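Heads up: the structure comes next, in structure tokens.
What you see is a predicted model, and the numbers here were worked out from it, not measured in a lab. Chain naming here is simple, since letters A, B, ... match the order of the sequence lines and numbering starts at 1 in each.
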Amino acid sequence: MAASVKSLQGLQHQFGNPAYQLEVLQQPIQNGTHFPDFAEKLLAHGLYPLKPTGTTILQVNLGKMCNQVCRHCHVDAGPDRKEMMSRETMQLCLDALLLAPQITTIDITGGAPEMNQHFRWFVEELSKLNRQVIVRCNLTIILANKKYHDLPQFFKTHNAQVVSSLPYFSASRTDAQRGEGVFEKSVKALQMLNKAGYGMAGTGLTLDLVYNPSGAFLPGSQKSLEGEFKRRLRSSYGIEFNNLYCITNLPISRYLDYLVESGNFESYMEKLVTAFNPAAAANAMCRNTISVGWDGYLYDCDFNQMLALNVEHSVSQHIRDFDLTSLDNRSIVLNQHCYGCTAGSGSSCGGETLK
Amino acid sequence: MEKSSYYNPADLSKFGNITELQPELGKKFFDYYGEVFKEGALTEREKALIALAVSHAVQCPYCIDAYTSDCLQKGANENQMMEAVHVAAAIKGGAALVHGVQMMNKIKELTM
Ligand code: SF4
Ligand code: SF4
């Protein structure tokens, strides 16, 4: 799997288009049948319409620009993506948060959110609100330019929790997914984070890692993989971290392109559908999260955001009209990609949903 | 019924259907199977690697498919997986070769 240097959108590839992705997800399979409709599946288990249980997390996507072009990226991020959240929109997020004390966690994602020129200002302002701030840092950004070398210290100063992707504890599988040389740089960045106290016992500075399978298979047990990651990273590189989140790759964007191109789409969907677990569906992250796009529009999750599936029409559409009471009564917008959240032990931005 | 090959990858997902003709024994088998692969004194990953090696020794294409996926899913890497296959090959090859001793005994018996 050679990594491209351009996003699908930059290549004007059809999978850069959300409408086309939804079409592929819904089309009949080879034997002429369809995969069972996700909404009907929920209906059969008394979970449709899927409603929020109470929003406690605001996930804010600061933009699609990234220094990497990972093969599985659901954002279709890359250096050629110019969509970035403005400072005004960030201010609207801060205003919304002031009116919503129920939201205890702000999860900052991208792209590489640090590439947004207002990133540091936003984190500083958020830290004044006394809520949990999570930064999804891709690790290599710390080494990408001198101006980012102090990020571990910056995160520490603002007591941010760092969540970083490392698909495997070896270079070959990491680089196949995330690009040549990414593993080596990630190891260096993790060592820098450890040096600042992240992931180290007694510091209270949390460093969690994310594991996504590098291929057309599902993640194994989070507990068992966490043990293996800890042993390997400690013995080979002296790296410490707190928790490993196992995240299932959702069949959208670049990962969908990979599945189709490699002839794995049907068998992967089959795996997801076969592994459907109603208990995982009941714990889907969209039930306690609202996702804000770079332009301020609201979505049920970051995946729906990338598929341009906005929150249902009857509720506030944009962060400037943020009304949590009505949002908490919405029906979540579902489609076939949702099977990725409900397979086995479930999957969310925080890993397995069944503990 | 049209059939292009004795082995059809789509048949793997129908494995559970064997209970249709003998539910009781089929169920006992699958319960046992499930128990065997749970984490115990050996980890799930170690068991998947053993299963992968045995799959090659018994040359079952269904099992090779299933346990290649399973090993990847459980976090095994390509080197571990190929080493497991070499273990199977060494045992199979060794099992053939060790019978050379029997051959040598027979040669002794039959020759002057
Ligand atoms: S997966 Fe993360 S690091 Fe990789 S291209 Fe996408 S946003 Fe960037
Ligand atoms: S993809 Fe989004 S909307 Fe669908 S189940 Fe997952 S979190 Fe919920």
Which atom of A/L225 lies closest to which atom of B/R45, heavy atoms considered: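 That closest heavy-atom pairing would be CD2-NH1, 4.1 Å.
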Closest non-hydrogen atom pair, B/A76 against A/R173: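 Minimum heavy-atom contact is O-NH2, 2.9 Å.
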Flag side-chain contact, heavy atom, 4.5 Å: A/K271 against B/S69: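 When only atoms from C-beta onward are counted, B/S69 and A/K271 do touch, with a gap below 4.5 Å.
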Measure the CG-CG distance between A/L218 and B/D70 for me, rounded to the nearest 0.5 Å.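 One gets 10.5 Å once the value is rounded to the nearest 0.5 Å.
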Measure the CG-CZ distance between B/N77 and A/F169 for me, rounded to the nearest 0.5 Å.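 With rounding to 0.5 Å, CG (B/N77) is 6.0 Å from CZ (A/F169).
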Report which part of [X] has an atom under 4.5 Å of a heavy atom belonging to chain B: side chain, backbone, both, or neither.
{"X": "A/Y168", "answer": "side chain"}
{"X": "A/S224", "answer": "both"}
{"X": "A/P213", "answer": "neither"}

Under 6.0 Å from the CD atom of A/E184, do we count more than 12 heavy atoms belonging to anything else shown?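 No, CD of A/E184 has 12 or fewer neighbouring heavy atoms, counting only those of other groups under 6.0 Å.
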NE2 (A/H34) with more than 12 external heavy atoms under 6.0 Å: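 Yes, the 6.0 Å shell around NE2 holds more than 12 heavy atoms from other groups.
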Heavy-atom donor-acceptor pair, A/Y211 side chain to B/G75 backbone, under 3.5 Å: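 No; judged by distance alone, with no hydrogens or angles, the pair does not exist.
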List the steps, then state whether salt bridge (Lys or Arg N to Asp or Glu O under 4.0 Å) holds for B/K74 with A/E228. CA-CA 10 Å; B/K74 304 243 156 79; A/E228 187 73 358; over 6 Å; no
